[in-house]
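Since this is a predicted model, take the numbers as computed values, not measurements. Per chain, numbering begins at 1; letters A, B, ... match sequence-line order.
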Number of protein chains: 2
Amino acid sequence: MKEQLKLENQLCFRLYTASRLITQAYHPYLTKIGLTYPQYLVMMVLWEQDGQPVNDIARRLYLETNTVTPLLKRMEAEDFITRKKGKDDGRKVIVSLTPKGKALEEQASCIPFEMSGAVACRSITEETAPELYRTMDDLIETLSRSLLP
Amino acid sequence: MKEQLKLENQLCFRLYTASRLITQAYHPYLTKIGLTYPQYLVMMVLWEQDGQPVNDIARRLYLETNTVTPLLKRMEAEDFITRKKGKDDGRKVIVSLTPKGKALEEQASCIPFEMSGAVACRSITEETAPELYRTMDDLIETLSRSLLP
DNA sequence: TATATTTGCATCGTGAACGATATAATTATC
DNA sequence: GATAATTATATCGTTCACGATGCAAATATA
């Protein structure tokens with residue numbers, strides 16, 4: 001058995017598992033307000049700045065537009081957002097919040113606090129979190145640069 | 001704009017993004033040997049111990065059996081594994097490596113070394129990695145316990 | 001100003017994930 | 001030993017992810 005092929009030595013497996021499990025932990029809270037986790041991410045992007053083209057939203061989330069487009073269509077069908085052709089540039093599709101989408105921010109505002117209970121563990125505290133965030137951000141930047149065309 | 005709803009304050013978004021990007025980084029290496037990333041995880045479980053029931057594989061990967069079953073069927077179609085009913089317990093399906101599946105371990109053995117280049121960044125070194133792994137393991141255990149029925 | 005290239009988004013196909021549900025085999029209870 | 005409860009896996013439907021490809025609008029080049 002090759003040591004380097006053991007699960008316990010894989011960073012990726014840990015990230016993959018932690019990501020799935022924490023997303024599962026969000027599920028009951030997000031279901032209440034009618035969102036999936038990726039849709040919640042899109043809403044956070046729009047709550048920060050309303051009226052953005054598809055491309056900007058995708059880049060912010062490190063996703064491809066072919067992932068975001070169908071996601072946005074479902075969100076439009078649920079009346080959380082609108083999609084309109086840009087006036088200056090006819091290729092762009094500008095995504096904006098509906099009143100329902102704007103109102104959702106208030107309902108969602110408690111979720112981060114409710115979630116903090118689920119991830120409360122010895123290793124992640126007020127003191128250690130910033131260091132962990134920096135490590136993750138560094139990793140993400142390194143990976144995203146190494147994946148460029 | 002609510003502070004707690006900003007992307008930059010989300011641990012989950014970081015895990016989700018890092019997981020996706022690192023899996024993408026694996027893609028070219030795994031394609032060469034005909035595996036997807038989740039299939040690679042299953043192979044690692046079987047290389048560690050051949051001949052396991054579906055349930056054990058799923059538990060080891062923190063996945064549901066309804067995710068693993070179709071995954072295994074595709075791997076069976078590719079002749080990496082076999083699926084046979086258990087003799088002692090007729091409900092179990094025992095998953096075993098084919099010769100092709102066993103031979104793949106040798107081909108895969110270089111992947112972890114090739115990948116270590118992609119994640120090489122200031123924040124993750126020989127010294128800091130064990131601490132990061134412990135934090136992730138702690139988080140995963142906390143989450144998996146909080147998600148129990 | 002024609003033509004070529006680039007850009008922004010969409011469509012399609014495949015492979016996960018997972019909740020809900022079904023089915024068959026085993027075990028427990030009466 | 002018949003019935004109920006449990007366990008192991010599978011099926012189904014919906015929603016991502018993403019590579020490959022298509023198309024139309026905008027820009028660059030000849």
Which residues, if any, of residues 48-59 of chain B bring a heavy atom under 4.0 Å of DNA chain D?
-> P53(B), V54(B), N55(B)
Sequence-distant partners of E126(A), side chain to side chain donor-acceptor pair (under 3.5 Å), two or more places apart = none
Salt bridge (charged side-chain N to carboxylate O under 4.0 Å, His left out) with R60(B): which residues, sequence neighbours excluded?
-> E48(B)
Can you name the side chain to side chain donor-acceptor pair (under 3.5 Å) partners of D50(B), sequence neighbours left out?
-> none
Pairs meeting criterion side chain to side chain donor-acceptor pair (under 3.5 Å) with involvement of residues 67-81 of chain A, two or more places apart = E76(A)-R83(A)
With sequence neighbours excluded, what pairs up with E106(A) under the side chain to side chain donor-acceptor pair (under 3.5 Å) test?
-> K2(B)
Which parts of nucleotides 16-26 of chain D does protein reach within less than 4.0 Å, heavy atoms only, written one letter per nucleotide 5' to 3' as B for base, S for sugar-phosphate only and - for none?
-> SBBBB----BS
Whole-Å distance, R83(B) CZ to dA10(D) C1', equals 9 Å
Residues in ring pair (Phe, Tyr, Trp, His ring centres under 6.0 Å) with Y26(B), at least two apart?
-> Y37(B), Y40(B)
Would you call K6(A) and E3(A) a salt bridge, taking side-chain N to carboxylate O under 4.0 Å as the test?
-> yes
Sequence neighbours excluded - side chain to side chain donor-acceptor pair (under 3.5 Å) pairs with any residue from residues 135-149 of chain A = Y62(A)-E141(A), D137(A)-R14(B), D138(A)-S123(B)
Results of salt bridge (charged side-chain N to carboxylate O under 4.0 Å, His left out) for E127(B) - residues two or more places apart only = none
Covered region of DNA chain C, 5' end to 3' end, by chain B [heavy atoms, under 4.0 Å] = dG15(C) to dT26(C)
Which pairs with one or both residues in residues 22-45 of chain A pass salt bridge (charged side-chain N to carboxylate O under 4.0 Å, His left out), sequence neighbours excluded?
-> none
